[in-house]
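Atoms within each ligand, like the ligands themselves, are counted from 1 in listed order.
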Amino acid sequence: MISLENSTRSIHSHSHSQHNQGVHATVSKLADQQPDQSELCEKPFEQLVKQIRHEFTFSQPDGTFGNSQAIEDLLNRYINEGHKDWNEYAFFCPYGYSRNLVACGEQFELMVICWAKGQVSPIHNHEGQRCWMACAKGQLQETQFLFENTMSTHGEGKLLESQVTTIDEGSVGYITDEIALHVIQSLEPVSVSIHLYSKPIYECNIYCPTTGKITRKKLGYYTQYKEHSPNHNKPILCQQE
Ligand SMILES: N[C@@H](CS(=O)O)C(=O)O
Ligand SMILES: [Fe+2]
C-alpha cells in the first residue's frame, strides 16, 4: 500500500489530535459558554458527512432525483476550505484505484478514492444513480463515452469518446447515466477524490469499447471506516453512520 506524503499512520492506527481539543476547551472557557463538546471535537469531514446526511434525510425528495446543486455546494465548500482530514481515509492500493468507504446509508454512499498514475477505471455506468466527484488532491481526467449508434448510454456496438475534461483540485464533477459512461484517471502522480453516490452502487456495468459488450462488476471497498476490508462487497455497519 502506498500512503500519502508525510503520512505516518498505518491502516490500523488512527491518530486523534488531543492538542486541538485542548485549544477548543480553552476557548470555550474564556467565552464562558457551555458548548457541546462532541460538536467541538468534530472534524470538518465528519461535519460534512452530517450535512450530507441531513440533506438526504430532510431535503432530497428521494435518492435518484433531487437538488444535486445543494450536494455539489457542500462538497465544493469542504474541499475549498483547505481541510486535510479526508487524508485519514486515503489508503492507496498498489494494484488499482482504491475505494475507501467513509459513510453509507440507504440514500447515499460516501467514499475517498485514491488514484496513483496509471490506475484507470474501466468504462462503466452508474446504475441509474447520481455520482459527484470532488477532487481533493491532484488532478483527474474524465473521459466520457456514448454508444455510436444511439449517441446515448444505451445502444449496441462501438463506443465513442464524447468528451474529455479535467476535474481539478478544488472542483466537483458530476455524472449520471443520462449524461454518459465514463473512465477516470489521475493526471498527477497521485490524486484523491471524494465520491458521493445516491443511492449506493454495489455493482455496475463495464463496457468493451469496441464491441459494447457488457460485463457486470461487483464494487468492493479497499477500506471501510478506515479498516482494511477482507473481500466485503457490501459495507459493514451500513446503517451506523
Ligand atoms: N464510479 C467508480 C469510480 S470513477 O471512475 O468514477 C467507482 O465507484 O468505482
Ligand atoms: Fe464512475
(message) When you compare the side chains of Ser152 and His154, does any donor N or O come within less than 3.5 Å of an acceptor on the partner?
(response) no

(message) Are more than 12 heavy atoms, taken from residues, nucleotides or ligands other than Glu203, located less than 6.0 Å from that residue's CD atom?
(response) yes

(request) Check whether any N, O or S atom of His124 sits under 2.8 Å from the Fe ion (ligand 2). (result) yes

(request) Identify, by atom number and element, the atoms of ligand 1 in contact range of Ile184, meaning under 4.0 Å from any of its heavy atoms. (result) 4 (S), 5 (O), 6 (O)

(request) Give a yes/no verdict on whether any heavy atom in Glu142 is under 4.0 Å from an atom of ligand 1. (result) no

(message) What I'd like to find out is whether the side chain of Tyr97 reaches to under 4.5 Å of the side chain of Ser121, using heavy atoms alone.
(response) yes

(message) For Phe58 and His54, take the angle between the two ring planes, folded into 0 to 90°, and tell me which bin it lands in: parallel under 30, tilted 30 to 60, perpendicular over 60.
(response) tilted

(message) Within the 4.0 Å heavy-atom shell around Tyr197, which atoms of ligand 1 are there?
(response) 1 (N), 2 (C), 3 (C), 7 (C), 8 (O)

(message) Please list, in number order, the atoms of ligand 1 under 4.0 Å from a heavy atom of His195.
(response) 3 (C), 4 (S), 6 (O)

(request) Measuring from the Fe ion (ligand 2), name the closest N, O or S atom belonging to His182. (result) NE2

(message) When you compare the side chain of Val172 with that of Ile167, does any pair of heavy atoms fall below 4.5 Å?
(response) no

(request) Using a strict 4.0 Å cut-off to heavy atoms of Tyr97, name the atoms of ligand 1 that fall inside it. (result) 2 (C), 7 (C), 9 (O)

(request) Note the single closest protein heavy atom to atom 6 (O) of ligand 1, along with its residue, its atom name and the distance in Å. (result) His182 NE2, 2.9 Å

(request) Using a strict cut-off of less than 4.0 Å between a Lys/Arg side-chain nitrogen and an Asp/Glu carboxylate oxygen, indicate whether Glu72 and Arg130 qualify as a salt bridge. (result) no

(request) Examine the proximity of ligand 1 to Tyr221 and report which part, side chain or backbone, both or neither, has a heavy atom under 4.0 Å away. (result) neither

(message) So, 2.8 Å as the limit: is an N/O/S atom of His126 located closer than that to the Fe ion (ligand 2)?
(response) yes

(message) Checking contacts here: is it the side chain or the backbone of Met111 that comes within 4.0 Å of ligand 1, counting heavy atoms only? Could be both or neither.
(response) neither

(request) Answer yes if the side chains of Tyr78 and Asp85 hold a donor-acceptor pair under 3.5 Å, and no otherwise. (result) yes

(message) With a 4.5 Å cut-off on side-chain heavy atoms, are Glu81 and Arg77 touching?
(response) yes

(message) Within the 4.5 Å heavy-atom criterion, are Thr166 and Leu140 side-chain neighbours or not?
(response) no

(request) Give yes if a backbone or side-chain nitrogen or oxygen of Trp115 is under 3.5 Å from a nitrogen or oxygen of ligand 1, and no if not. (result) no

(request) Using a strict 4.0 Å cut-off to heavy atoms of Arg99, name the atoms of ligand 1 that fall inside it. (result) 7 (C), 8 (O), 9 (O)

(request) Please could you name the atoms of ligand 1 that Ser121 approaches to less than 4.0 Å, counting only its heavy atoms? (result) 5 (O)

(message) I need the atoms of ligand 1 closer than 4.0 Å to a non-hydrogen atom of His126, numbered in the order shown.
(response) 1 (N), 6 (O)

(request) Return yes if a side-chain donor-acceptor contact under 3.5 Å exists between Glu109 and Tyr221, otherwise no. (result) yes

